[in-house]
Every structure is written in structure tokens, then in C-alpha cells.
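Inspection log for the structure reproduced underneath, given as C-alpha cells.
The chains referred to below are lettered A, B, ... by the order of the sequence lines, with proteins before strands, and numbering in each begins at 1. Just so we're clear, the structure is a prediction, and the values are computed from it rather than from any experiment.
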Amino acid sequence: MIRTVNLNKIFRTDEVETTALNKVSFEVRKGEFVAIMGPSGCGKSTLLNILGLLDNPTDGEYYFLNTEVSQFTEKQRANTRKQNIGFVFQNFNLIDELNVYENVELPLIYLGMSASERRKRVESALEQMQITHRRKHFPLQLSGGQQQRVAVARAVVATPHLILADEPTGNLDSAHGEEVMNLLASLNQGGTTIIMVTHSQRDAEYAQRIVRLFDGQIINENIKAGISEIPII
Amino acid sequence: MFSNYLTTALRNLLRQKSYTLINLFGLSVGIAAFLLIALYVQHETGFDTHLEHRSNIFRVVEVQNEPGVGEQHVAITMGPLAAAMKEDFPQVTDAVRFMPGFDIPVVNFGDKHFIERNLYYADPSVIKVFGIDLKQGNPSVALSEPMSVVMSEKAAVKYFGSEKHALGKTMLLGKRNFTVTGIMENQPERTHLFFDILVSMSSVENLSDFEWMKGWGSNSLVTYVSLDSPSSQSVIEKAFPEFLKKHVFSTDEGWEFLEMYLQPLPDVYLRSKHIKFQMVSAMGDINLSVAFSVIAVLILLIACVNYINISIARSVKRSREVGVRKVLGADRQSLIYQFISESFILTLLASLFSVGFIELALPEMNQLLSTSFHIDFTGNWLFNIGLLLLIVVISIISGSYPAFYLSRLQPVEVMKGGRGSGSTRGSYLSKGLVMFQFIISVGLMFSVLVINDQVRFLQNKDMGISYRDAVFLSFGNEQGISSYQPLRDELLKNPDIRFVSACSFINGVSGSQGPVFVDDSASTKLTVRFGYVDADFFNSMNVKFTQGRNFSRDIVSDEGRTVIINEAAARKLGWSNAIGKKFKPVMGADTSVSTEVIGVVRDYHYFSLRSLIEPAVYVVSPERFRGLLIGFHSRSDQQKVMKTIEEQWLEFFPESPFKPLLASEFAREAYKNDQNLFSLFIYFTIISGLLSVLGLFGLTSLLIEQKTKTIGIRRVLGGSIRKITAHLIRDYMLLVLSAGIISLPVSYYLLDKQLDQFAYHISISVWHMLLSVLLLAFVAFVTIVVKAYRAARANPVDALKYE
């Protein structure tokens with residue numbers, strides 16, 4: 001489903017040039033649950049942004065669903081993204097002015113779906129995330145765990161092929177974190193591909209494979225969690 | 001999709017209540033002010049638009065240069081001009097002359113007597129040239145025959161009870177009987193020359209009293225010509241010197257200098273301020289319409305700038321939303337739609353409120369301008385298409401920044417928190433917009449200070465004559481002129497009455513201007529105003545003498561054989577001692593003998609301070625007295641006195657309508673327009689100032705809010721926010737100063753030009769400039785300090801947590 005070949009990302013400012021990703025080549029198959037781990041600043045989020053088509057690599061190849069997308073324009077990326085990818089963020093990134101229902105509905109609106117179809121899908125996503133009773137509430141009225149459940153509902157409502165999660169439990173206590181991880185695991189069991197960036201070894205255990213990044217390079221790919229060789233900072 | 005925009009927009013508005021209120025208030029006041037001014041400009045530019053062929057009609061204007069008065073533009077012309085122009089210029093398809101019915105003080109039918117202000121003699125071609133629709137009568141001959149009258153339906157109802165019974169009726173106009181030959185539709189009020197009754201010009205043309213109409217020496221009527229095409233104007237104007245040589249300079253009428261030009265009829269109402277003598281029933285000023293239009297646009301821009309500035313300041317928060325929406329699949333276009341529709345919703349709401357504001361302001365405005373403006377959603381395009389257009393334009397202008405700037409942000413940048421109002425681009429734009437507001441505010445504040453001083457100057461200037469506690473009553477007919485003496489005696493018995501003086505008008509002068517010739521070898525000529533007054537006028541009106549004596553009832557020769565002149569006349573003639581000097585017989589005096597100067601009165605303003613005091617010559621000439629000026633004691637019960645005067649007046653002159661004109665009102669009338677427009681100007685300036693302050697307040701709040709973290713850190717480290725405040729103040733003071741440097745020269749130039757319209761005016765001082773900049777600086781200073789103080793008092797822990 002995803003294949004990258006020698007992916008590079010270099011950030012340049014007037015004085016400094018930072019290599020965030022250095023010849024990253026890896027593959028994710030359909031239905032896989034992959035965790036990306038590594039210390040702060042190792043390039044995890046940059047990789048996730050490129051995989052999620054939020055950003056273009058400086059060079060290298062990126063095949064998404066067998067299409068080379070590394071040189072896509074913003075419009076092409078937006079189109080591919082909204083049809084295929086769902087996002088879950090550490091800080092939830094819900095829109096404060098919209099209530100639970102409306103937040104979940106948003107991706108469907110941008111897909112141009114009919115109102116009745118949207119209603120059906122949103123209801124089902126809310127039910128799946130067990131948050132239906134909070135549908136009229138606004139993000140600021142919810143607990144962190146509830147907010148992340150809404151974010152996950154929003155990520156899955158358009159039934160994307162891929163869910164990208166950027167430290168989904170980073171802002172949650174352990175009980176709520178576990179709740180969210182269970183949700184992601186069950187989605188994966190239902191066939192959704194998940195790539196998750198995390199600092200937490202415990203969360204990484206939910207994945208079938210852990211990719212370790214250090215200074216923008218992949219240093220280790222374990223099928224089904226092994227023992228960490230690099231201390232997590 | 002739209003319902004989602006709507007929801008987000010409304011909730012955003014509700015969440016940020018104070019900024020929403022600032023925006024909503026600013027925009028609604030802005031829209032209201034814009035529409036109110038638009039109503040005024042629409043009114044002003046709508047004059048004479050009912051005339052179908054107006055672009056082909058021109059008014060003839062003379063440029064004279066007379067000794068004593070200098071160059072003057074005069075739209076009152078000679079009797080033979082119309083016919084000569086028709087004869088000499090093939091491009092002139094028609095010509096019409098109008099002349100006020102000054103020999104018809106009162107119109108009578110049966111027991112109805114009215115003073116008609118809107119009565120004119122006119123040539124028969126008036127019906128064709130002015131496109132008059134005759135409801136009854138034959139348009140081609142209605143005004144051809146002498147003693148014919150065409151009147152409006154309204155006038156017909158007034159005299160005959162119904163317009164149906166008017167045609168063919170005979171009525172008394174002045175001393176002669178006329179027949180109604182036509183009934184025309186009522187003329188629209190928005191015309192520079194409003195007429196109710198038209199009398200055939202041929203009725204007077206051959207009378208001996210009107211002999212002057214045949215010569216080129218006297219200007220008493222207005223001439224309009226209809227051309228085959230507007231482009232013929234320049235052809236005729238080029239030929240005027242030759243034309244004048246042939247007709248005017250060849251005669252012995254005393255013209256030494258004369259030029260002519262054609263003024264397009266659509267210009268007459270708005271662009272005739274430079275014309276000294278003209279016959280109009282209403283006059284506007286294009287400069288004012290332009291000035292008000294500029295203010296309207298500025299007010300609207302200020303309101304939009306406030307919105308944009310608040311948007312820029314809030315873009316940090318909004319950019320996260322943009323990022324999320326982009327991640328979820330929104331493209332640029334849909335985000336642009338979203339932000340524009342957000343400003344559209346706000347503007348729509350604001351326009352609803354603005355209607356309320358307009359409704360509140362209209363009564364005051366109508367009173368100031370003597371208009372009857374009203375909100376009309378169906379009949380006036382300003383309130384339907386205009387308002388809609390306004391809403392769209394404002395939405396686009398004010399929604400443009402968030403729409404085009406924020407929608408361009410890359411989601412990944414936004415999610416990392418890299419952009420927002422902290423970006424230099426946003427802050428430069430923001431500063432530029434604040435500067436723009438300051439430029440406008442300084443300019444307007446400066447204008448208010450200067451105009452305020454000028455208005456005070458006009459109000460307080462010693463006019464040299466006292467217009468208090470007196471009333472003027474016009475004789476309806478010649479009976480009054482010959483027999484006012486018994487009424488005068490009777491009135492003077494009333495202890496409440498101070499004086500009774502017969503004169504040509506309240507101000508002592510008549511409408512006519514003409515030459516006097518000094519009785520010397522060179523017959524030195526001076527163009528003067530003639531005034532006809534009795535022996536009581538000057539003392540009663542507190543006009544002081546600088547030389548010689550007043551007229552006396554006891555000296556017989558004072559009636560017609562002596563004159564009093566004003567200082568301006570003495571100065572122009574170079575007479576340091578004028579007493580005993582002689583003129584050749586003057587108009588209105590005994591024509592057989594030279595007249596001797598017996599006194600010189602101090603220059604007093606017989607007209608407004610717009611014009612210089614011109615030379616004047618006063619004669620005791622009872623046949624030219626037009627009414628009685630009656631003074632009463634200020635302590636007396638004015639209503640009671642007026643009642644008594646009315647009773648006595650009607651007893652002596654039953655056929656002269658009692659129409660008192662208060663002298664104080666006459667004096668006020670000269671500046672009423674200036675004062676009212678100034679009040680209006682002040683209102684709109686206050687509005688724009690208020691909006692600027694409001695914007696500044698909103699912007700400063702947001703800027704300080706963004707610095708909350710800095711403030712918090714400083715306070716945690718034991719520092720104060722004084723430095724931040726000082727920094728902010730320094731920034732703004734620099735802006736205020738730069739705004740002053742840009743704005744003041746431009747405003748100075750415009751104001752100076754406007755002041756030049758007044759012959760007597762203040763001069764703009766450095767203080768006006770300094771004060772306007774200081775005022776603005778003060779407002780900005782207070783705003784910043786208040787906001788900074790509040791930020792400083794907040795708990796730093798909250799501030800840090802917030803970030």
C-alpha cells in the first residue's frame with residue numbers, strides 16, 4: 001500500500017540546513033499496523049506528514065496505492081488525502097466551534113457526500129466510538145479521552161484505507177490511552193491500515209511491526225515487537 | 001457545505017463576543033453612515049434630471065469686470081441676447097428667457113391674495129425646451145400671446161379650487177388682468193429653477209417700464225439656449241468675442257469688459273458657487289458632495305480595516321482551524337468561500353443593524369438639511385441593489401485577508417504552529433492599516449478643528465448691523481408704497497414698537513447693482529449696490545456713521561438729492577473726506593440734479609461673509625421702498641406684538657398678505673446651510689473617529705493578548721510589563737506622527753481651498769495641526785495603557801498555561 005524509496009527531507013532556513021529524513025526506504029502492506037518510534041527530533045512526525053500527503057519530500061520516491069505521489073501538487077495531495085487517509089493527532093485538533101457530530105461530519109462534507117449518507121455514517125462512527133451520547137457537546141466540554149475518541153471517529157468516518165496517528169495517547173492518562181489504543185487495534189482488525197508515531201513502548205506493542213528512526217534514518221524494523229536497542233529519550 | 005460554514009461562522013462570532021461586537025458595531029455604523037451620505041449625494045446629484053434634453057440645454061453666463069467690484073460671473077443677461085443668439089448661431093435651436101415677476105408682488109383671484117415666489121415671465125419656447133407637459137391648453141401657443149398665464153395644477157387648485165375650472169379664467173397679477181391659457185403638471189422640487197406660474201414674456205416686452213429689455217445695457221433676465229448638440233458649446237464660445245463686438249461693444253451701453261460662456265444645465269445646480277448673480281431657487285455645492293462622498297468611503301474603509309486588523313490578530317487561532325480543515329480534505333477554494341461567507345454573514349447582520357441606525361439618524365439629518373429622506377427598500381435603488389452591492393463589496397474587502405492569506409497556509413506549517421500573526425507579513429500589513437486609519441483620523445480631526453473655528457468666526461464676527469428684534473413686511477402693491485405713512489404713525493403709538501422704517505429690504509440694499517458717475521471732469525465710474533432707505537434705517541439698525549450725517553425728515557432735499565455711501569465706496573473713489581462730493585443723478589434719485597454725499601456709513605455686511613463688502617450708495621426714494629422694517633423691544637411679548645402688527649397691517653393693506661420675515665432669521669439664513677452641513681460633517685467625523693478608536697482598542701487588546709506569554713514570563717522573572725507597554729506606545733506614536741506628516745499637508749491644501757470660498761475667514765495655524773496630532777496620540781496612548789494595565793494585572797500562571 002505504501003512504499004518509499006530513498007526519501008529525503010531537508011529543511012532550510014537562511015543559516016541552517018537540517019536533514020530531517022535521510023534516504024528512508026520502507027514499505028507498509030495493506031492491513032498492517034505499524035508503529036514508528038524514535039527519540040524527539042528523529043524525523044518521525046516529518047515522515048508521518050509526508051506519508052499523510054501533508055508535505056512533499058525534498059527528493060526520493062513515494063508510492064501510495066501504487067501511484068508515485070512525491071511530486072503531487074497541493075490540490076492533488078488534498079484530493080488523494082481526503083479519499084484515503086484519516087488522521088489522529090496528539091492534541092486531537094478538533095474544531096472548537098463545531099460540536100462532536102459536526103466535527104466528525106467534516107471530512108464527509110469535503111468529500112461532497114449527501115446529507116443523508118453523512119448522517120448514517122456519522123451515527124455509525126459515533127456509535128462505534130461509543131460517543132453518541134455526547135454528539136451535541138463541544139470539544140471543550142469533553143475529557144481528553146472523549147476528545148480523542150471523537151478524533152478517531154472523525155478519522156474513520158470516511159472509511160479511509162489508511163489511518164495515521166501522531167502520538168494518539170500523548171495527552172491522555174493511561175486508562176484513556178488504553179481505550180484509544182484498543183479502538184485503533186479493533187479498527188486494524190477490521191482491515192484498516194494504521195501507521196502510528198509513538199514514544200510509548202506500551203502503545204507500540206499493539207502494532208505488528210515497529211520501525212525505529214534515529215537522526216532521520218531507519219535503524220531497525222521489527223516484526224512484532226522486539227526488545228528496544230535504543231534508549232527512548 | 002454552506003450550513004457548516006454558517007454554523008462555524010455563527011459560533012465563532014458568538015465565542016469571540018467582544019470582537020464580534022466591535023466588528024458588528026463598526027460595520028453597521030459604517031454602512032449606516034455610508035448610506036446616509038449616499039442619500040444626501042443622491043439628492044444633490046438628482047437635480048434637473050427630469051429634463052429630458054438637459055445635455056443640450058445651456059445657461060448663458062457673463063464675465064464682467066467692473067470698477068469697484070472686480071471680476072464677477074453673472075448668469076443674469078440682457079433682453080436681446082436670446083434672439084441675437086438664435087439669429088447668429090445656427091447651432092442654437094431654441095432660446096428661453098426667464099424673468100422674475102418683480103412687478104407682480106401679489107397675485108389675486110377673488111378674495112384670494114398670494115405672494116408668489118415662484119412666478120416668472122418666460123418666452124413661449126419654455127414649454128418645448130423645458131419639456132413642460134401641459135395638462136390643459138395648447139402647448140404651442142399657451143405663452144405666445146400677451147397677458148397669458150400657465151400655472152401648475154397645484155397653483156390652479158390654490159386659486160380656483162380645482163385644476164378643472166382654471167383654464168380661461170381671468171386673474172389679477174399685480175395691477176393687470178391675465179387669462180389662464182394652460183395648466184401644467186406640477187414641477188418636481190429638485191430643480192434649480194422651480195416655477196409654479198409662468199407669464200408670457202410678451203406681456204411686458206412692449207411696456208414703457210420695460211424699455212430697458214430692448215437694450216444691451218441692463219442685465220435682468222436669465223437666458224437658456226438649446227443647442228443641436230452638446231459639442232456645439234465650444235463652437236459658440238469661440239465665436240462669442242466676435243458676437244459681443246457686434247452686438248454689445250458697438251452700442252453705447254458703457255461696457256468696457258465683457259466675456260460670455262455657456263454653462264451646461266446639468267452643472268447649474270452643483271457648480272454655480274462662483275456665480276455672483278443668478279436666478280435659482282436652489283443651489284448645491286459639488287465640493288460638498290465630493291467631500292461627503294470621500295468621508296463616506298473613508299468611514300466604510302475604516303470599518304473594513306478594523307475587521308481586517310482583528311482578523312490578522314486572530315489568525316494565530318484561526319490558522320489551526322485552517323490546518324485541521326486542510327488535513328481533512330478542504331481545498332483553498334472551499335476555505336476562501338468559508339472566510340468570505342463568514343464576513344458576508346457578519347456584514348449582513350451589520351446591514352440589518354445599520355437600517356436601525358439610519359432610522360434613528362434620519363429625523364435629525366432631515367431637519368438639518370430640510371429634506372425628507374426616508375428608507376425605501378422598493379423605490380430607492382440605494383436600499384436594494386445598492387445595499388446588496390455594498391454588502392458584497394464589504395464582505396470581499398474585509399474577508400479578503402483571512403480568505404486569501406490563511407487559505408494559502410500549508411497544513412503542516414500550521415500544525416507545527418509556525419505561522420500566524422507573528423509573521424512579519426501580517427504585522428506589516430496590520431501596521432500599514434492602522435497607519436491608514438490614523439492618516440484619515442488626523443485629517444478629519446484637523447478639518448473639524450479648522451471648520452469649527454471658521455464657524456465660530458462667522459457667528460461672532462461683528463456684522464456692523466444689528467438684526468435683532470425686527471421684522472420685515474413686504475408691501476404687496478404700490479398702494480403700500482404710497483400710503484404706508486398712516487400705518488407707520490399708527491404702529492409707532494404701540495409702546496412695544498421701537499421703530500418703523502421704510503426700506504428696500506432688511507439689509508438696506510436692493511437687488512440691483514449699477515454704475516454711478518462722479519460729477520467731475522472725467523465722470524469717474526463706480527459700480528455700486530443701491531440701497532433705498534428712509535431716515536430711520538441706519539440709526540434703528542445700529543449702523544454707525546464715520547463721516548457726515550444721516551438723512552433727515554426735516555430737510556426736503558434729502559429725498560432724492562442727497563446720498564449716503566459706505567466706506568467701501570469712499571475707499572474705491574479715493575475720498576478721505578467724502579462729504580460734499582457729488583454724483584451725477586443716480587438711479588432712484590431725482591434725475592434732474594446732481595446728488596451730494598452727506599454721510600458715510602461704516603462698512604456693514606449686507607450679505608454673508610462669503611462675499612466682500614462692495615461699494616453701496618443709499619438714497620431716500622419712497623417709490624423704491626419695498627416694505628416696512630418694524631423693530632420691537634426685546635422685553636416685549638413677541639407673539640402679542642406680531643398679532644397687533646398683523647391686525648393693523650391687514651386693516652391698512654387688506655390685499656397684501658401678512659408674511660413677516662424676522663431679521664434675525666434672515667441673518668441666520670445666510671449661514672444656515674454652512675452650519676447645518678458643518679454639523680453633519682462633525683457627526684460623520686465623530687463616527688469615523690469612534691470607529692478608529694474602536695479598531696485600535698480591538699487591535700491593541702489582541703496584540704497584548706498575544707504577548708500574554710511574554711508578559712507572563714517577564715512577571716515570573718520579576719519584571720514588569722512597562723517595557724512592553726513602552727514598546728507598544730513608541731510604535732504607535734511613531735505611526736501617529738507619520739500619519740500626521742502624510743495627512744496634514746493634503747488636508748491643509750483642501751481646507752485652504754474651502755476657506756477661500758469665504759471672503760472673510762480664519763487662517764489655518766500650526767496649532768490646528770499640532771492639536772489634531774496630539775489628540776490622536778492621546779487617544780492611542782490611553783487605549784494602550786488601559787489594555788496593558790489590565791494585562792499586567794492578570795495572573796501570570798494563567799497566561800503561561802494559556803499558551
Exercise. Can you name the one residue among B/Arg11, B/Arg318, B/Arg15 that meets salt bridge (Lys or Arg N to Asp or Glu O under 4.0 Å) with A/Glu97?
Worked result: B/Arg15
Tell me, for [X] versus chain B, whether the close heavy atoms (under 4.5 Å) come from the side chain, the backbone, both or neither.
X        : value
A/Asn79  : neither
A/Leu140 : side chain
A/Ile109 : both
A/Gln83  : neither

Exercise. Do you know which two heavy atoms are closest between B/Val327 and A/Phe87, and how far apart they sit?
Worked result: CG1-CD1, 3.2 Å
Exercise. Any idea which heavy atoms bring A/Asn93 and B/Val324 closest together, and the distance?
Worked result: O-CG1, 3.3 Å
Exercise. About how many Å separate CD of A/Glu74 and CZ of B/Arg408, when rounded to the nearest 0.5 Å?
Worked result: 10.5 Å
Problem set entry | Gap separating the CZ atom of B/Arg320 from the CG atom of A/Leu94, nearest 0.5 angstrom | 8.0 Å
Problem set entry | Side chains of B/Thr8 and A/Glu102 in contact at under 4.5 Å (non-hydrogen atoms) | no
Is the [atom1] atom of [X] crowded by more than 12 outside heavy atoms at less than 6.0 Å?
X        : atom1 : value
B/Tyr337 : OH    : no
A/Glu68  : CD    : yes
B/Phe353 : CZ    : no

Problem set entry | Check: A/Ile95 main-chain N/O paired with B/Arg325 side-chain donor or acceptor under 3.5 Å | no
Problem set entry | Contacting region of B/Ser334 [heavy-atom separation from chain A under 4.5 Å] | side chain
